[in-house]
Structure formats: structure tokens, C-alpha cells
Amino acid sequence: MEKQARLLSSQLVQKQRLVEVLLNRSVLAWKEIETSRKRGSGISNISETAGSHVVQVCEIIAVQQTEEDKVNTDTRGRKSRKKAQQHSKLHPHAFTVSYVRRTRQHRWRCCDITFHCSSQALSQQWIQAINEQLSLLSDRPKSLLVYINPYGGKRRGKRIYEQKVAPLFHRASILADVIVTERANHARDHLKTEANLEKYDGVVCVGGDGMFSEILHGLVTRTQTDHGVDQSQPDADLVPCSLRIGIIPAGSTDCVCFASVGTNDPVTSALHIIVGDCQPMDVCSVHNSNTFLRYSVSLLGYGFYGDVLTDSERKRWMGPARYDLSGAKTFLTHKYYEGTVSFLPAEDNVGNPRDKLQCRSGCCICQYKPQLDEKPCEMSKEKSDKDGSGRWCVIRDKFIAINAASMSCACPRSPKGLSPSAHLADGTTDLILVRKCSRLDFFRHLLRHTNKDDQFDHSFVEVHRVRKFRFHPKQQEAVSLEDLSETNKKMAFSPICSTPPACNYSSTHSSWNCDGEILPHAAIQVSVQCQLIRLFARGIEEQQQSVCEDPYTLAAL
């Protein structure tokens, strides 16, 4: 490891023990030392103990002078108080460093450590030195626009922000303009037209996946409008958003937060925002012909998941329990739908959905941003349309479910998610086709979402990593009046359907579930917009490994 020049080094007191503290440009490290006197001599022998600690400077939240009445609050018992009083006379000044501490299940906590100094000048020197290093961290936000959904999930959004998040933002000297939404799409509409985005370093939503979708649509639409991009065109090159999005989870599932951080804990998300983490994320644009429908970042589901959402919308009064009831009802109904799926496969360098290479913090696949050249894709598209050749693949069949997962879609109920190896920022989505099968086989497929078995290891399931795909349900495949008339004759329908029930459309096509919203069209075309947005996150971290070397060796003491 390359040696770094120490900026400051002192012997200070921490919890009535003498410690050696060092600061360089990357770490703050401290190690307890004990002093013993050799017999028959006045020479002190300083021996290092095993207790050593290191904190990355980029994960320090703040540093401040410790108030005098809090210096000795951690002492217990008469002897401890006496010893503390003696130390406070020798080291009457103190400063406190707040930093990130990792706990179980990817959760972060803000931890404080107080160092006592012999002089006010030394204490101020340490505070100034640490603050100077923090000021060099340009990715940290200083001003945020915060939207709070007071109705999402269990209606705890406002309380979560005020009690858990706002104090941390205040400690980190982050200014926040807070807007409590009053209606559906309030945040989306405000971002699209009214918000002065130039004064902010990021946008934060306090709520569930629905609230995040509002922020996503508002920010992406505003960015395209400002740059003169027509997002109604399926092949338009969308401009990436400059502002990062923070998610303070306060919803029912919090799928996006779970997939990008590893937990749906509000404090953890707030700390990721404070330290200025940045995680790019793909966004799928969904169109019907030249009509823009919606953006999607997690799940596009037709068939089973579309039917579950459609049925659950009639039971909103039940709360989150409606999904269980609608899921059971849809499973027992066991419908299948005919249609045509066309897709453009991704290149080999982004892996495949069954390679068991999960997306984690610092993912090598996501760090490689593909240079997407739309012209070759257009040429192959034309070639495929004319003579049936080219890179586009076409599948016509009967499907129980068609799912497109742009992330793992993991959540507490499904720890692996719909596609465990899906990546957040590789410019692809995993297209999962579940063909017509028995109810028992489909149950086996669903059951594998809750365990460690390969959910794609069935003869009726196939999965492809794609950059674009289209879907046309069977009744919408006719492109001429002659074909339509011929189809109606074969199906014993009259040439003109006077009412929808006569056509029985409800049994011939399903609806698309787009991140929890129902799309108005069944025939869609989807394009993956690579790294269109960025989150205040760093991806799911691997399990913390033990430090192999002493921090002081690494810090070149």
C-alpha cells in the first residue's frame, strides 16, 4: 500500500485511556497504548496493545467541539468519576468525531467517539484538520430537496424523517427544503415545472416505491424537457439526470432501496446520502407505438403479476394484505395468454442471467458502461423486419407470465428476487418467459423465489438478457382489415364488435404491471436506457472482511 503523509498525529485520551491518533488524507486511525516503567530505571516503555481502529475519512459524518457538560457523561461509579475528574483536569478540552459504523444485514449506524486534549489549541487543530479533509469531498451534498409522502406504507413517512433523518442531516450541515405531498403525483408535477433544481445537489423521497417512481418521472421528464429531447420517441437518446436521487424507505416493500443498499432501513439510507455515495441505475422506457407510457426500474410483468396488480387495485381498502389475497386468487385462476415476444439480446460481455454473478458494490459489469451505438441496432432491426434475419429473436407462444427484471427485485419475502443475477447499471434487463404449464409446475417455479434453488431450472421457463424487447398480444397482431376480418370469421365473431364483453377481451389479454402501476396498453416496446439516473447508494456491499493488517501499519506509522 502506498504510504501517505500524516497530516496530524497526537497522543490523546479516549475513555480515560491514552491513545495514539493519526490522520492522513484517507483514514483516521487510533490505537490504545499503555505505559509501564522498567524496574530500577526511570525509562518509560510504551507497548502497543491489540486494540486498534480505523475509519475512512470519506465515512466521517462530522467533527465538532464537545460540550463541557458531556465530557464525563459516560463514567459510572465513584472510582470512574474520580478518575474522570483527574483526566479532565489534565485534558480539559475534547472533540467528537461522528462516523459510519457497519452492523448486521448491511445496516449503517452513526457512531460517536470523543478524544480529550490537553489544550484548546490542540483540540481546534484536530477539528480544523478533519474539516479540511471533509471539505475536499466534493461528492457530498450540501443542499437537498426533500419530498415526503405522508400516506404511503403505514403513514410513517413524516415521523421517520423528523425523528431519524433530519437530525443526521443537521449534524452533517446539510440544508434541506422539505415538501410534504398533498396528492398523488404532487412531487412529479412539482419537479417537472416548478422546482428550481439549480440550487440543489440532490432530490430525496421519503416513501415507498410509488413515491420513488414519482420522483423518477418528474426528474427524468424535466431533464429531457430542458435539453429539448422528445421522450415520446422510442429510440430517442435520453439525457442522464445530473441530480442524484435519495430514497428514505417508508413504504410497504421498498424494492428499489432493498436492491441498491441491501436493507430498507431509513438511517442507513440517510447515511449513504450524507457521505455522497453514487450508484448509477438503468431505466426502461416503455412505449406503445410513438406514445410514451412510463419508466420502469424494477419489474415489468405481464400475465400473472399483471393480473395480481389488477385484482389488488379493487381491494386497496385491505392495505398490503390485498397482495396475498389477489396472488392466491390469480394463482388458482391459472390463466395463460398468447402473444409474440421479440427481443434484442445483449452482448456476451455483460454475462447472462444464470451465471450466479450477483450485482454488488463496485460491480465490474456495471462499471463497464457499454458504448451503445443505436445505428447498428436500427440496421439490424430493419433487416429483421424485412427478411426475418438479424439479431432480433422472435418467440410466439402461450405464456403464464412475461417478466422483465432490471434489478434483482429482492425483498424480505423473496431474498433472491425474480432474477438474482440482474445488474443495476449494465444497460440490460432480464426477460423471463414462463410458458403454459400445469398449476403444480408453476407453483414449483414460484416457490423457488423464496429459497436458494435455481428458479429458471424448468423446461417451461427461459430467461434472456436483452437491451430491447417488444410484445404484441394475439388479438392485436392483425395489421389489416382483411386479416382482422379473417380472424373474426375463424373465431366465429361478427365483423364489428359492438361491446367489449362480446369480444371477451378480459380473457384474451392481461395487463402490464410497471413498477406497481397498470399500463393502459398490452402491446408495448421497451428500451433500456443505460445509467439514466444515479442514486445516493453504493450497491449491496459484500460481508465486511476482517482487517488483515494492523491499521497503523497501513497508515505507515
More than 12 heavy atoms of other groups within 6.0 Å of Asp348 CG = no
message = Strictly distance-based, threshold 3.5 Å: is any side-chain N or O of Arg435 a donor or acceptor partner for the main-chain N or O of Val461?
response = no
ask   = Rounded to the nearest 0.5 Å, what separation is found between the CG atom of Asp139 and the SG atom of Cys278?
value = 7.0 Å
request  = May I ask you to test the His464-Ile432 pair for a side-chain heavy-atom distance under 4.5 Å?
outcome  = no
note = When rounded to the nearest 0.5 Å, the distance separating CD1 of Ile247 from CD1 of Ile273 is 8.5 Å
message = Nearest 0.5 angstrom please: Ile540 CD1 to Arg538 CZ, how far?
response = 13.0 Å
request  = Before giving the answer on side-chain hydrogen bond (donor to acceptor under 3.5 Å, both in side chains), spell out for Ser232 and Asn290 the whole-Å C-alpha distance, their side-chain angles and the decisive distance to 0.1 Å.
outcome  = CA-CA 6 Å; Ser232 65; Asn290 287 330; over 6 Å; no
inquiry  = Tell me if the aromatic rings of Phe536 and His272 count as close, with their centers under 6.0 Å from one another.
reply    = no
ask   = Charged N to carboxylate O under 4.0 angstrom, Arg222 versus Glu194?
value = no
request  = Answer yes if the side chains of Ser213 and Arg294 hold a donor-acceptor pair under 3.5 Å, and no otherwise.
outcome  = yes
ask   = Quick one: does Arg140's side chain have a donor or acceptor within less than 3.5 Å of a partner on Cys58's backbone?
value = yes
query = Do the side-chain N and O atoms of Tyr337 and Asp307 include a donor-acceptor pair separated by under 3.5 angstrom?
reply = yes
Close side-chain approach of Glu313 to Ile518, heavy-atom, < 4.5 Å = yes
task = Check whether the ring centres of His186 and Tyr147 lie less than 6.0 Å apart, and answer yes or no.
result = no
request  = Answer whether the closest heavy-atom distance between the side chains of Asp457 and Arg354 falls below 4.5 Å.
outcome  = yes
query = Could Asp265 and Arg109 be called an ion pair, given the rule that one side-chain N must be under 4.0 Å from one carboxylate O?
reply = yes
request  = Work out which heavy atom in Leu357 is nearest to a heavy atom in Ser421; give both atom names and the distance.
outcome  = N-OG, 3.6 Å
request  = Just say parallel, tilted or perpendicular for the rings of Tyr161 and Phe169, cut-offs at 30° and 60°.
outcome  = perpendicular
key: Pairwise distance CD(Glu132) to CD1(Ile130) - rounded to 0.5 angstrom   = 10.5 Å
ask   = Quick one: does Val27's side chain get under 4.5 Å of Val55's, heavy atoms only?
value = no
inquiry  = Quick one: does any side-chain atom of Ser510 pair with a main-chain N or O of Gly303 as donor and acceptor, under 3.5 Å?
reply    = yes
key: Under-4.0 Å salt bridge between Lys468 and Asp235   = yes
request  = Assert yes or no for the condition that the ring centre distance of Tyr302 to Tyr305 is strictly below 6.0 Å.
outcome  = no
ask   = So, Arg448 and Asp454, do they make that salt bridge, N to O below 4.0 Å?
value = no
request  = Tell me, with the steps shown, if Tyr295 and Gln231 meet side-chain hydrogen bond (donor to acceptor under 3.5 Å, both in side chains).
outcome  = CA-CA 10 Å; Tyr295 292 114; Gln231 61 183 356; 2.5 Å; yes
inquiry  = Applying salt bridge (charged side-chain N to carboxylate O under 4.0 Å, His left out) to Glu214 and Lys192, what does each step give before you reach the verdict?
reply    = CA-CA 10 Å; Glu214 278 196 43; Lys192 285 170 62 176; over 6 Å; no
task = For the pair Gln56 (side chain) and Leu28 (backbone), establish whether a donor and an acceptor sit closer than 3.5 Å, ignoring hydrogens and angles.
result = no
request  = Tell me yes or no: between the side chains of Asp112 and Ser98, is some donor less than 3.5 Å from an acceptor?
outcome  = yes
key: Heavy-atom side-chain proximity of Leu271 to Ile274 below 4.5 angstrom   = yes
inquiry  = If I compare all heavy atoms of Pro345 with all of Arg391, which pair ends up nearest, and what's the gap?
reply    = CD-O, 3.2 Å
key: Stepwise salt bridge (charged side-chain N to carboxylate O under 4.0 Å, His left out) test for Lys416 and Asp453   = CA-CA 10 Å; Lys416 291 174 59 181; Asp453 295 332; over 6 Å; no
request  = Would you please say whether a donor-acceptor pair under 3.5 Å links the side chains of Asn24 and Ser26?
outcome  = yes
request  = Measure from the side-chain N and O atoms of Glu462 to the backbone N and O of Leu433, and report whether any donor-acceptor pair falls under 3.5 Å.
outcome  = no
ask   = Which of parallel (below 30°), tilted (30 to 60°) and perpendicular (above 60°) describes Trp512 and Phe469?
value = tilted
query = Side chains of Leu519 and Ser511: does their closest heavy-atom pair fall under 4.5 Å?
reply = no
inquiry  = Checking the side chain of Thr450 only, and the main-chain atoms of Leu447 only, is there a donor and an acceptor separated by less than 3.5 Å?
reply    = yes
ask   = Do Ser406 and Asp282 have side-chain atoms, one donor and one acceptor, less than 3.5 Å apart?
value = no
ask   = Should the heavy atoms of other residues, nucleotides or ligands under 6.0 Å from CD of Glu198 be counted, would the total exceed 12?
value = no
task = Report yes if some heavy atom in the side chain of Val297 is under 4.5 Å from a heavy atom in the side chain of Leu216; otherwise report no.
result = yes
query = Are any of the side-chain heavy atoms of Arg101 and Thr103 separated by less than 4.5 Å?
reply = yes
query = Is the closest side-chain donor-acceptor distance between Ser143 and Asp201 under 3.5 Å?
reply = no
ask   = Can you tell me how far the CD atom of Gln105 sits from the OG1 atom of Thr268, to the nearest 0.5 Å?
value = 10.5 Å
message = Taking the basic N atoms (NZ, or NE/NH1/NH2) and the acidic carboxylate oxygens, is any pair closer than 4.0 Å for Arg102 and Glu59?
response = yes
query = Are any of the side-chain nitrogens in Arg467 or Asp426 under 4.0 Å away from the carboxylate oxygens of its partner?
reply = no
message = Rounded at 0.5 Å granularity, tell me how far CD in Gln525 sits from SG in Cys284.
response = 13.0 Å
inquiry  = Testing the basics here: between Thr428 and Ala346, what is the closest heavy-atom pair and its distance to 0.1 Å?
reply    = CG2-CB, 3.6 Å
